[in-house]
Amino acid sequence: MAGIEVREASAGDESAWRELWDGYCAFYETVVPPEVTAATWRRLLEPGQPMESLVAERGGEVVGFVNYVLHPSTWATAETCYLEDLFVSPAVRGSGAGRALIEAVLERARSAGWDKVYWHTREDNARARALYDSLAKADDFVRYVAGGG
Ligand SMILES: CC(C)(COP(=O)(O)OP(=O)(O)OC[C@H]1O[C@@H](n2cnc3c(N)ncnc32)[C@H](O)[C@@H]1OP(=O)(O)O)[C@@H](O)C(=O)NCCC(=O)NCCS
């Protein structure tokens, strides 16, 4: 991960973050309404909101992000972290940005004492799963979704 720096997103990252977000939505073949993207960006930066974005920078350019959400749990007193979105610019993939982003969230979990970090991906997302398999164990839960997009 030489040359990759991970830090909290800040207001000045908005246009780079939005460009990556558009790429992420296209990857998932989904359209997020502009007002939802605007609210998401605002809430990711707002102190006190249980969601945050970290960005990966290389050579002064923002090349990836990870967005995560903290929530309480009935199974632990400490907060649980749901890693919701991870994306690296196609041109930069394979240079360690994805690993650096996810490791930064795991490091935060350790230092803040979060109960656990969990995330989903599509079964056939081989590239993401190669990374995830090196960091955590997939379990045998199946996701059900009612309502929403
Ligand atoms: C998944 C993703 C975030 C990985 O980001 P990245 O910056 O390319 O990842 P890294 O360079 O840190 O590589 C991490 C691992 O991915 C795997 N990998 C990297 N390049 C790969 C390639 N061309 N083909 C297959 N696997 C590859 C390797 O296992 C690598 O392990 P290593 O660190 O031991 O070399 C990125 O490919 C991406 O944005 N994909 C589209 C969006 C997506 O799938 N997001 C996750 C949805 S849950």
Side-chain angles (χ1 to χ4, degrees), residues 1-34 36-45 49-73 75 79-112 114-149:
M1 67 183 82
I4 305 279
E5 191 207 329
V6 175
R7 59 170 175 79
E8 284 177 18
S10 64
D13 299 319
E14 180 167 359
S15 61
W17 184 92
R18 278 176 174 270
E19 196 176 323
L20 293 165
W21 176 253
D22 288 347
Y24 181 66
C25 295
F27 175 80
Y28 273 115
E29 297 175 341
T30 192
V31 176
V32 176
V36 174
T37 294
T40 296
W41 174 247
R42 179 177 48 72
R43 289 190 294 162
L44 286 168
L45 295 195
Q49 289 280 350
M51 53 200 274
E52 200 155 47
S53 186
L54 305 180
V55 293
E57 222 179 54
R58 196 177 76 162
E61 193 191 342
V62 172
V63 296
F65 66 69
V66 60
N67 302 327
Y68 61 85
V69 176
L70 294 172
H71 64 81
S73 167
W75 286 31
E79 286 174 302
T80 294
C81 176
Y82 173 47
L83 196 159
E84 189 153 19
D85 313 302
L86 174 70
F87 187 76
V88 170
S89 170
V92 175
R93 287 182 195 159
S95 55
R99 180 178 293 283
L101 283 162
I102 201 164
E103 283 183 345
V105 176
L106 300 179
E107 179 48 40
R108 281 171 172 244
R110 278 189 289 272
S111 63
W114 300 337
D115 179 53
K116 60 173 165 285
V117 181
Y118 70 101
W119 62 94
H120 307 103
T121 196
R122 289 224 167 101
E123 202 165 14
D124 65 357
N125 191 343
R127 190 164 183 155
R129 292 191 64 183
L131 170 59
Y132 301 160
D133 284 344
S134 73
L135 294 165
K137 241 176 131 51
D139 64 22
D140 58 359
F141 276 72
V142 176
R143 191 170 78 125
Y144 287 78
V145 179

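Nothing fancy with the numbering, it's 1 onward along the sequence. For ligands, and for the atoms within them, numbers begin at 1 and follow the listed sequence.
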ask   = Measuring from Cys81:SG to Lys116:NZ, what's the distance to the nearest 0.5 Å?
value = 11.0 Å
task = Would you please indicate if the ring centroids of Tyr118 and Tyr82 are separated by under 6.0 Å?
result = yes
message = Using the rule salt bridge (charged side-chain N to carboxylate O under 4.0 Å, His left out), only one of Glu79, Glu52, Glu103 pairs with Arg108; which is it?
response = Glu52
note = Heavy-atom contacts under 4.0 Å to ligand 1, chain-then-number order, include exactly Phe27, Tyr28, Leu86, Phe87, Val88, Arg93, Gly94, Ser95, Gly96, Ala97, Gly98, Arg99, His120, Thr121, Asn125, Arg127, Ala128, Ala130, Leu131, Tyr132
query = Excluding sequence neighbours, so at least two apart, what forms side chain to side chain donor-acceptor pair (under 3.5 Å) with Arg110?
reply = Glu107
query = Do the ring planes of Trp17 and Trp41 sit parallel (below 30°), tilted (30 to 60°) or perpendicular (above 60°)?
reply = tilted
request  = Could you tell me how the ring of Tyr132 sits relative to the ring of Trp119: parallel (under 30°), tilted (30 to 60°) or perpendicular (over 60°)?
outcome  = perpendicular
